[in-house]
There are 2 protein chains.
Amino acid sequence: MTQPSSTVRELIRQHYSDLTQSERKFANALLENYPAAGLASITIVAGQTGVSTPTIARMVQKLGFKGFPQFHKALLKELQAKVSGPTERRANWATEAPESHLLNRFAKAVTQNLQTTFSNVPSEAFDAAAHLLADTDHTLFIVGGRITHALADYAFTHLQAVRPRVIHLTSSSATWPHYLLDMEKGDTLLMFDIRRYESNLLRLAELARERGVEVVLITDQWSSPVAEIATHSFNCWVEIPSAWDSNVSTLMLLEALISATQEEAWPNTKDRYERLDRLFEQTRLFRKPGGQ
Amino acid sequence: MTQPSSTVRELIRQHYSDLTQSERKFANALLENYPAAGLASITIVAGQTGVSTPTIARMVQKLGFKGFPQFHKALLKELQAKVSGPTERRANWATEAPESHLLNRFAKAVTQNLQTTFSNVPSEAFDAAAHLLADTDHTLFIVGGRITHALADYAFTHLQAVRPRVIHLTSSSATWPHYLLDMEKGDTLLMFDIRRYESNLLRLAELARERGVEVVLITDQWSSPVAEIATHSFNCWVEIPSAWDSNVSTLMLLEALISATQEEAWPNTKDRYERLDRLFEQTRLFRKPGGQ
DNA sequence: CCTGTTCTGAAAAAAATTTTCCACATTGGC
DNA sequence: GCCAATGTGGAAAATTTTTTTCAGAACAGG
């Protein structure tokens with residue numbers, strides 16, 4: 001029996017791991033268009049999702065409802081409570097929180113940043129940079145600054161899964177000379193430098209350049225001084241109403257780059273991914289995936 | 001025939017004078033609880049209003065619908081449009097690259113994720129979580145998984161600037177017992193766990209909980225098992241057309257949380273920020289900012 | 001008080017929706 | 001590569017919903 005306190009949304013999350021592929025298809029559709037996507041008849045709902053009616057029927061039973069009508073009723077009750085509850089206006093995209101809530105202000109700023117960042121990425125440079133990152137004939141070095149260290153770490157984790165010969169320069173610049181020693185012509189250095197730009201990153205870039213290393217730079221909208229010597233550099237809009245900078249757009253660009261790199265290197269990467277999966281399986285560090 | 005532009009609400013106003021007493025009873029009930037009161041079956045709707053089914057059927061025909069099902073569909077469409085409405089404007093924000101370019105496909109997916117994530121954040125839980133993170137009377141522990149380690153790192157770097165008593169649990173779970181030793185009732189543990197969920201994180205959360213530690217969880221749309229014991233948990237939409245998951249929305253939620261934390265702790269934080277600035281100045285690790 | 005009109009809801013008929021059953025397809029293990 | 005187990009959708013059966021019909025109630029006006 002469905003507990004009175006739990007919303008359908010919660011029920012879906014609770015039972016998500018029990019759901020089959022087709023059932024998840026509906027679950028996702030519903031969560032993305034909640035609750036409207038579940039309020040039509042089971043026939044229509046199934047048609048919109050692209051699955052059969054029995055699939056929907058089975059799924060709502062898994063959630064604990066006796067049948068689709070009961071599920072329908074539950075959704076409706078939630079909708080009723082929501083509308084009559086606080087104030088109706090959920091006009092803008094956001095939570096039920098008022099316009100002035102930090103969440104909404106934040107959403108606005110971040111969206112703006114993403115949009116500007118995207119419309120300023122030159123696609124040829126992007127493709128070229130992805131090509132460099134996918135070049136397994138040479139070594140790829142990654143380095144970040146004080147804040148961007150975490151981004152470099154993220155890039156390293158993913159790129160290491162995609163290709164061999166990836167090296168993460170630890171944040172302590174004292175060790176950098178050791179890495180420089182191993183850099184060769186044709187290697188690539190992926191750098192992150194957003195304000196306050198760090199002088200030792202500039203020094204590192206200069207020395208790498210002298211060795212014939214290609215430098216790919218991800219920086220903010222004002223451009224780090226490294227941009228002048230980088231092979232490719234990308235600007236990310238980072239300003240938010242706060243004392244520090246947002247790295248959401250930076251991460252998005254990075255992920256897009258990783259994705260492009262992966263696409264380019266796919267034939268090799270696929271095998272690598274599967275091996276990685278098996279290794280994780282063996283070390284039993286991870287449970288079976290909850291997701292698909 | 002129902003005009004495509006007019007809402008049911010408008011139709012009711014237009015035809016109100018044609019309606020009989022019983023019909024108005026339903027019209028009022030619907031307007032007061034719009035649109036939920038009209039989205040159940042005609043039988044239920046009639047029952048709730050205290051009139052008979054033929055009355056409802058006659059009325060929706062007066063409004064211009066062919067039958068109740070068509071009326072139902074119109075209401076549903078309005079609801080759907082309302083939710084997805086203002087955000088739909090993804091316009092032509094993108095680079096000069098063609099629609100099919102990876103950059104644009106990526107932008108689309110990420111935007112969708114951000115939007116869905118945002119509209120699923122419960123603002124009370126958000127505020128409550130920020131309150132926990134800002135509580136300097138207790139220690140704040142931060143931990144992430146294999147991929148989310150970078151996010152935990154990012155959170156640590158920022159929160160450490162905001163407040164004292166922040167501890168980052170290194171990714172090696174072998175050392176976690178040491179940290180558990182120091183956890184006390186009222187402390188907070190900020191966790192990141194996206195699929196594939198890691199069983200040692202669940203164990204850690206359980207042990208922390210036993211010690212009376214508040215657990216704030218940031219997870220994906222399918223929810224880590226930790227969610228069941230967490231004090232507050234937040235779902236981030238992470239799916240992109242790729243073999244791995246995007247953490248853009250995760251980072252956004254994290255940054256929003258940090259921002260809220262900072263706002264809450266500001267009187268104390270301000271001084272802390274200024275001291276940090278002076279320290280950086282002294283160690284000369286950083287140049288003067290290039291930005292504003 | 002009667003009559004004609006309008007309104008209303010019970011009940012039957014019609015039209016759907018939902019559920020059940022079963023065969024086919026797909027997946028994962030050996 | 002085969003077999004068992006599981007997942008999926010078509011189609012019929014069961015159920016519910018919607019519509020229609022129609023008889024009686026309410027009301028206004030004479």
Side-chain angles (χ1 to χ4, degrees), chain A residues 1-2 8 12 15-30 36-76 273-274 277-278 280-282 284 286-292, chain B residues 1-2 8 12 15-30 35-76 196 222:
Chain A
M1 187 64 252
T2 125
V8 172
I12 290 179
H15 294 270
Y16 197 86
S17 51
D18 301 338
L19 302 183
T20 70
Q21 208 176 346
S22 305
E23 287 166 353
R24 285 178 189 183
K25 221 165 146 188
F26 169 56
N28 290 332
L30 177 56
L39 284 173
S41 79
I42 192 173
T43 321
I44 293 169
V45 161
Q48 282 175 346
T49 316
V51 299
S52 65
T53 44
T55 301
I56 308 282
R58 279 188 293 261
M59 153 154 175
V60 299
Q61 280 178 11
K62 276 191 190 167
L63 296 188
F65 297 99
K66 216 187 111 206
F68 187 82
Q70 205 194 340
F71 163 81
H72 188 279
K73 212 181 288 179
L75 276 179
L76 207 54
Y273 255 81
E274 283 163 3
D277 255 19
R278 276 201 300 279
F280 275 124
E281 211 53 52
Q282 281 169 25
R284 297 197 176 225
F286 298 85
R287 303 195 333 171
K288 270 282 181 189
Q292 37 170 245
Chain B
M1 193 70 266
T2 133
V8 172
I12 291 178
H15 294 266
Y16 198 83
S17 52
D18 301 339
L19 302 182
T20 69
Q21 207 178 345
S22 305
E23 287 166 356
R24 287 182 187 182
K25 222 167 146 186
F26 169 56
N28 291 333
L30 176 56
L39 284 170
S41 78
I42 193 171
T43 321
I44 293 169
V45 162
Q48 281 176 345
T49 316
V51 299
S52 66
T53 46
T55 301
I56 307 284
R58 278 189 293 261
M59 161 170 166
V60 298
Q61 280 176 11
K62 276 190 190 168
L63 295 188
F65 297 99
K66 213 186 115 206
F68 188 81
Q70 204 193 342
F71 164 79
H72 187 280
K73 211 181 287 177
L75 276 178
L76 205 54
R196 301 133 152 268
W222 305 285

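First the proteins, then the strands, lettered A, B, ... as listed; each starts at 1. Any value given below was found using the heavy atoms of this structure, including those in side chains, with hydrogens, waters and symmetry copies removed.
- Residue B:Thr55 has a polar side-chain atom (N or O) positioned under 4.0 Å from OP1 or OP2 of C:dG9.
- Going from atom NZ of A:Lys25 over to atom CD1 of A:Ile56 covers 10.0 Å, rounded to the nearest 0.5 Å.
- Between A:Met59 atom CE and D:dG9 atom C1' there is a gap of 17 Å when expressed in whole angstrom units.
- Per the geometry, CD1 belonging to A:Ile56 stands 13 Å off P belonging to D:dG10, to the nearest Å.
- Closest approach of B:Gly38 to B:Leu30, counting heavy atoms only: N-CD1, 3.5 Å.
- To the nearest 0.5 angstrom, A:Leu39 atom CG is 11.5 Å from A:Ile44 atom CD1.
- Atom pair A:Asp18:CG and D:dT6:C1' shows a separation of 14 Å (rounding to whole Å applied).
- Taking atom NZ of A:Lys25 as the reference point, atom C1' of D:dG9 lies 12 Å away to the nearest angstrom.
- The stretch residues 53-64 of chain B participates, sequence neighbours left out, in these side-chain hydrogen bond (donor to acceptor under 3.5 Å, both in side chains) pairs: B:Glu23-B:Lys62, B:Ser52-B:Thr55.
- Pairing each heavy atom of A:Phe26 with each of A:Met59, the nearest pair is CD2-SD, 3.7 Å.
- In this structure, B:Thr20 reaches the C:dT8 phosphate: one of its side-chain N or O atoms is under 4.0 Å from OP1 or OP2.
- Scanning both residues, A:Leu19 and A:Ala27, for their nearest heavy atoms gives CD1-CB, 4.1 Å.
- Regarding A:Lys73, its NZ atom lies at a distance of 8 Å from the P atom of D:dT17, rounded to whole Å.
- Nearest heavy-atom pair, B:Leu76 versus A:Ala36, reported as atom, atom and distance to 0.1 Å: CD1-O, 4.0 Å.
- Rounded to whole angstrom, the span from the CZ atom of A:Arg24 across to the P atom of D:dG7 amounts to 10 Å.
- Counting to the nearest Å, the C1' atom of D:dT8 and the CD atom of A:Glu23 are 10 Å from each other.
- Rounded to whole Å, atom P of D:dT19 lies 9 Å from atom NZ of B:Lys66.
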Between the protein and nucleotides 12-18 of chain C, list the N/O to N/O atom pairs that are separated by less than 3.5 angstrom.
| residue | atom | partner | partner atom | Å |
| --- | --- | --- | --- | --- |
| C:dT18 | OP2 | A:Ile42 | N | 2.5 |

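- Each of C:dT8, C:dT20, D:dT8 was ranked by its minimum atom distance to the side chain of B:Arg58; first place goes to C:dT8.
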